[in-house]
**Q** 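Below is the structure I would like to discuss, written out as structure tokens.
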Number of protein chains: 2
Amino acid sequence: MSGDDTRETLDALDARLLLLLVDEDRISVLECARRLGVARGTIQARLDKLFARGVIAGFPPAVHLAAIGYELTAFAWVEISQGNRGPVIEALEAINEVCEAHATTGTADLFIRVAARSHTDLQRVIDEVVAVPGVERVSSSIALSTPIPPRFRPLLERLL
Amino acid sequence: MSGDDTRETLDALDARLLLLLVDEDRISVLECARRLGVARGTIQARLDKLFARGVIAGFPPAVHLAAIGYELTAFAWVEISQGNRGPVIEALEAINEVCEAHATTGTADLFIRVAARSHTDLQRVIDEVVAVPGVERVSSSIALSTPIPPRFRPLLERLL
DNA sequence: TTTTTCACTGGTCAATCTGTACAGTCGAAG
DNA sequence: CTTCGACTGTACAGATTGACCAGTGAAAAA
């Protein structure tokens, strides 16, 4: 009686299904059923439940930003003056190149990830961030390489 | 004669197709063709090309980590002793909760993102990172909220 | 113990989608 | 004027989907 569906754990079948969806691209429900050795209806029911619980939000295309010209990724800590979080966030949302923002603990207030086409372009974007009213200080650093690309596979594997 | 297919730009149709794939979940090729007012074969050809160029890497499920128990996200800067980058990366890869790692400019050497089930759990993970041979210093901060979730839609919209 | 509940199986059905192919159109490049 | 590449419109066989349903088994409730 948790009252919170989110709490339900994934069983091994859910985990194996997710792993299959992560690995094999564009795999069909029917094929999943075959691979996992269960009836198609079961997979369909599991998928529906995973969606309903919010475990899976969808299947967005994995777009490689570098392949569309945005070769640079940079991270930045943004310090803002008190009471301006809302407006600042809104302003950041309006900057196309700001691809992610988190409010964090620590000295800085916001942590953002930005994409850019070149160093010059990055400069421009950073300048735009700095220019946002309420932003007091920005310290950024460029990603030179990404030895571990975004992943969550290991977390799933543990559920098997 | 650029010798690098990656350089080819996306035209408006590519961009609209990508936007469609981002927004409408599990949309079929046929439906894309209908929405964009072009023949199915065109969409299929465009999709194939986007894959071939590496623009689209696939359609992985968007898994909501919080829904599978990993409610905490934390970021950390990792300073490592010189000449130990390789081994350190390997060790970090072996830690399931390390969901991303970048080599960056600036004072620290690596920037990582970690997932955890609780504060206690996060402590354990951070300790594991600190314990990696070659790691000299780790400074972490917890994501309290995510006002701008990962996005790249604005970058695509600009191509229209 | 008996009953109820629930997930799973294995099967069907019509509708849709996919991969593939092919001939015709069109504009740009040669 | 011809060639080339991209797009259209069409076609077809095979696979997939969503929706059902009756039957089974195991676990929870009575």
Side-chain angles (χ1 to χ4, degrees), chain A residues 1-64 67-69 156 159-160, chain B residues 1-64 67-69 156 159-160:
Chain A
M1 234 141 280
S2 68
D4 185 357
D5 288 0
T6 290
R7 299 241 157 260
E8 297 190 27
T9 334
L10 301 187
D11 67 5
L13 183 58
D14 289 319
R16 283 197 296 153
L17 174 55
L18 284 175
L19 284 173
L20 212 47
L21 293 171
V22 169
D23 296 338
E24 314 278 325
D25 216 55
R26 274 178 162 183
I27 193 171
S28 70
V29 171
L30 189 53
E31 182 59 21
C32 286
R34 281 195 281 255
R35 301 267 189 104
L36 300 177
V38 298
R40 180 172 65 112
T42 304
I43 296 298
Q44 245 149 2
R46 292 304 187 104
L47 263 183
D48 288 346
K49 249 176 285 184
L50 288 173
F51 266 95
R53 277 197 266 164
V55 174
I56 301 180
F59 294 88
V63 173
H64 187 37
I68 59 173
L156 292 176
L159 298 172
L160 291 185
Chain B
M1 234 146 278
S2 70
D4 185 357
D5 289 0
T6 291
R7 299 241 157 259
E8 299 190 26
T9 334
L10 300 187
D11 68 3
L13 182 57
D14 289 318
R16 284 196 296 153
L17 174 56
L18 284 174
L19 285 172
L20 211 47
L21 292 171
V22 169
D23 295 339
E24 313 279 323
D25 216 55
R26 271 175 163 189
I27 193 171
S28 71
V29 171
L30 189 53
E31 182 60 20
C32 287
R34 281 194 281 254
R35 301 270 188 101
L36 300 179
V38 299
R40 179 171 65 108
T42 304
I43 296 297
Q44 245 148 1
R46 292 304 187 108
L47 263 184
D48 288 346
K49 250 176 284 185
L50 288 173
F51 266 95
R53 276 197 267 164
V55 174
I56 302 181
F59 294 88
V63 173
H64 188 35
I68 59 173
L156 291 177
L159 299 172
L160 289 185

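A note on names: the letters A, B, ... follow the listed sequences, proteins ahead of strands, and every chain is numbered from 1. Hydrogens, waters and symmetry mates are skipped; everything else that's a heavy atom, side chains included, is used.
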**Q** Which whole-number value in Å describes the distance from B:Lys49 NZ to D:dG5 P?
**A** 11 Å
**Q** I need the CG-P distance between B:Leu30 and C:dT16, as an integer number of Å.
**A** 10 Å
**Q** The side chain of B:Ser28 lies closest to which of these nucleotides: D:dT17, C:dC17, C:dC8?
**A** C:dC17
**Q** Using OP1 and OP2 only, check whether a side-chain N or O of A:Arg34 sits under 4.0 Å from D:dA15.
**A** no
**Q** Please report, rounded to the nearest Å, how far the P atom of D:dT17 is from the CZ atom of A:Phe59.
**A** 11 Å
**Q** What is the separation between atom CD1 on A:Ile27 and atom P on D:dA15, rounded to the nearest whole Å?
**A** 16 Å
**Q** Expressed as a whole number of angstroms, how long is the span from A:Asp48:CG to C:dC6:C1'?
**A** 16 Å
**Q** Which one, D:dT8, C:dC8, C:dT9, comes nearest to the side chain of A:Ala39?
**A** C:dT9
**Q** Side chains of B:Asp25 and A:Phe51, heavy atoms from C-beta outward: is any pair under 4.5 Å?
**A** yes
**Q** Using heavy-atom distances to pick each residue's nearest nucleotide on DNA chain C, tell me which of A:Arg26 and A:Asp11 is more 5'.
**A** A:Asp11
**Q** Counting only side-chain heavy atoms from C-beta out, which of D:dT17, D:dC7, C:dT20 sits nearest to B:Gln44?
**A** C:dT20
**Q** Can you name the side chain to side chain donor-acceptor pair (under 3.5 Å) partners of A:Arg46, sequence neighbours left out?
**A** A:Asp11, A:Asp14
**Q** Of all the nucleotides listed (C:dA7, D:dT8, C:dT18), which has the minimum atom distance to the side chain of B:Val29?
**A** C:dT18
**Q** Given C:dC8, C:dT18, D:dC7, identify the nucleotide with an atom nearest to the side chain of B:Thr42.
**A** D:dC7
**Q** Return the value, rounded to whole Å, for the distance between atom CD1 of B:Ile43 and atom P of C:dT20.
**A** 17 Å
**Q** Measure from CZ on A:Arg16 to P on C:dC8 and round the result to the nearest Å.
**A** 12 Å
**Q** Specify the closest pair of heavy atoms between B:Arg53 and A:Ala67, including all atoms of both residues, with the distance to one decimal.
**A** O-CB, 4.2 Å
**Q** Would you mind telling me which of D:dT17, C:dC17, C:dT18 lies closest to the side-chain atoms of B:Arg40?
**A** C:dT18
**Q** Taking atom P of D:dG5 as reference, at what distance in whole Å does atom CG of B:Leu13 sit?
**A** 20 Å
**Q** State, to 0.1 Å, how close A:Leu160 and A:Ala12 come at their nearest heavy-atom pair, and which atoms those are.
**A** CD2-O, 3.9 Å
**Q** Measure across B:Ala33 and B:Arg40 and return the closest heavy-atom pair with its distance rounded to 0.1 Å.
**A** CB-CA, 3.6 Å
